[in-house]
Enquirer: 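For reference, the structure I am asking about is given below.
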Amino acid sequence: MEQRKIAGMLYNRIINIPFPSVDPNGDEEYIENLSNQYLYRILIIKKCTSETVVVHVMGEQTFCFALIKKLQSKNIKCVASTTQRIAEEKDGVKTSIFKFCSFREYK
């Protein structure tokens with residue numbers, strides 16, 4: 001996978017923390033608690049390494065926003081992956097393929 005290969009070259013070691021299944025019925029307090037749980041997990045990783053920690057954050061928007069704000073307040077760089085969408089239509093069925101392009105920092 002191109003994205004993983006480039007991430008390894010740019011950021012060295014990769015530690016995968018599976019993205020949570022975010023309850024669409026969860027309120028703001030739910031998002032606050034969930035983002036705190038993930039912040040805590042990332043801070044433990046940061047404490048255990050001398051390497052710079054960079055977090056790739058993509059997914060449900062309110063969770064991502066809450067987590068990114070918290071990580072940035074701890075001076076942890078957050079990035080998103082950018083992709084090129086390639087859409088094809090065949091026999092009335094539209095299919096999209098996303099081709100990784102780069103990482104972009106949240107600022």
Enquirer: Show the nearest heavy-atom pair for residues V79 and E105, with the distance to one decimal.
Expert: CG1-CA, 4.0 Å
Enquirer: Which ILVMFWY residues can you reach from F98 by hopping between side chains whose heavy atoms are under 4.5 Å apart?
Expert: none
Enquirer: State yes or no: do I42 and L10 share one hydrophobic cluster built from I, L, V, M, F, W and Y residues joined by side-chain heavy-atom distances below 4.5 Å, directly or via other members?
Expert: no
Enquirer: Is there a path of hydrophobic side-chain contacts, each under 4.5 Å between heavy atoms of I/L/V/M/F/W/Y residues, joining L34 to M58?
Expert: yes
Enquirer: Are side-chain heavy atoms of I86 and K99 found at a separation under 4.5 Å?
Expert: yes
Enquirer: Which value, rounded to the nearest 0.5 Å, describes the distance between D23 atom CG and E60 atom CD?
Expert: 10.0 Å
Enquirer: Give, for atom CD of Q3 and atom OG1 of T83, the distance between the pair rounded to the nearest 0.5 Å.
Expert: 9.0 Å
Enquirer: How long is the span from the CG atom in L39 to the CD1 atom in I44, to the nearest 0.5 Å?
Expert: 10.0 Å
Enquirer: To the closest 0.5 Å, what do you measure between CD1 (I68) and OG (S73)?
Expert: 12.0 Å
Enquirer: Any non-hydrogen side-chain atom of N33 less than 4.5 Å from a side-chain atom of E29?
Expert: yes
Enquirer: If you look at every heavy atom in I14 and R4, which pair is closest and at what distance?
Expert: CD1-O, 3.6 Å
Enquirer: Would a 4.5 Å heavy-atom cut-off, applied to side chains only, mark I15 and T49 as touching?
Expert: no
Enquirer: Honestly curious: do F65 and V55 fall in one hydrophobic cluster under the side-chain, below-4.5 Å linking rule?
Expert: no
Enquirer: Identify the two heavy atoms, one from G59 and one from C64, that lie closest to each other, and give their separation to 0.1 Å.
Expert: N-SG, 3.4 Å
Enquirer: Taking all atoms of both residues into account, what is the closest heavy-atom pair of I76 and V53, and its distance?
Expert: CG2-O, 3.7 Å
Enquirer: Return the CD1 to CZ distance between I97 and R85, rounded to the nearest 0.5 Å.
Expert: 11.0 Å
Enquirer: For Y11, run the side-chain contact (heavy atoms from CB on, under 4.5 Å) check against V54, I6, T52 and tell me which one passes.
Expert: V54
Enquirer: Centroid separation under 6.0 Å, is that true for the rings of F100 and F103?
Expert: yes
Enquirer: What residue pairs, at least two apart or across chains, pass ring pair (Phe, Tyr, Trp, His ring centres under 6.0 Å) with a residue in residues 21-51?
Expert: Y38-F63
Enquirer: Verify side-chain hydrogen bond (donor to acceptor under 3.5 Å, both in side chains) between R104 and T82, making sure each step is shown before the conclusion.
Expert: CA-CA 7 Å; R104 181 180 299 140; T82 66; 4.8 Å; no
Enquirer: Can you give me the closest heavy-atom contact between C101 and Q84, atom names plus distance?
Expert: SG-N, 3.6 Å
Enquirer: Quick check: do K46 and K74 have side-chain heavy atoms less than 4.5 Å from each other?
Expert: no
Enquirer: Please list, chain by chain and in numerical order, all residues satisfying side chain to side chain contact (heavy atoms under 4.5 Å, CB included) with Q61, sequence neighbours excluded.
Expert: none
Enquirer: Output the distance between atom CD1 (I17) and atom CD (Q37), rounded to the nearest 0.5 Å.
Expert: 12.0 Å
Enquirer: If every non-hydrogen atom of L67 is compared with every non-hydrogen atom of S35, which pair is closest and at what distance?
Expert: CD1-O, 3.7 Å
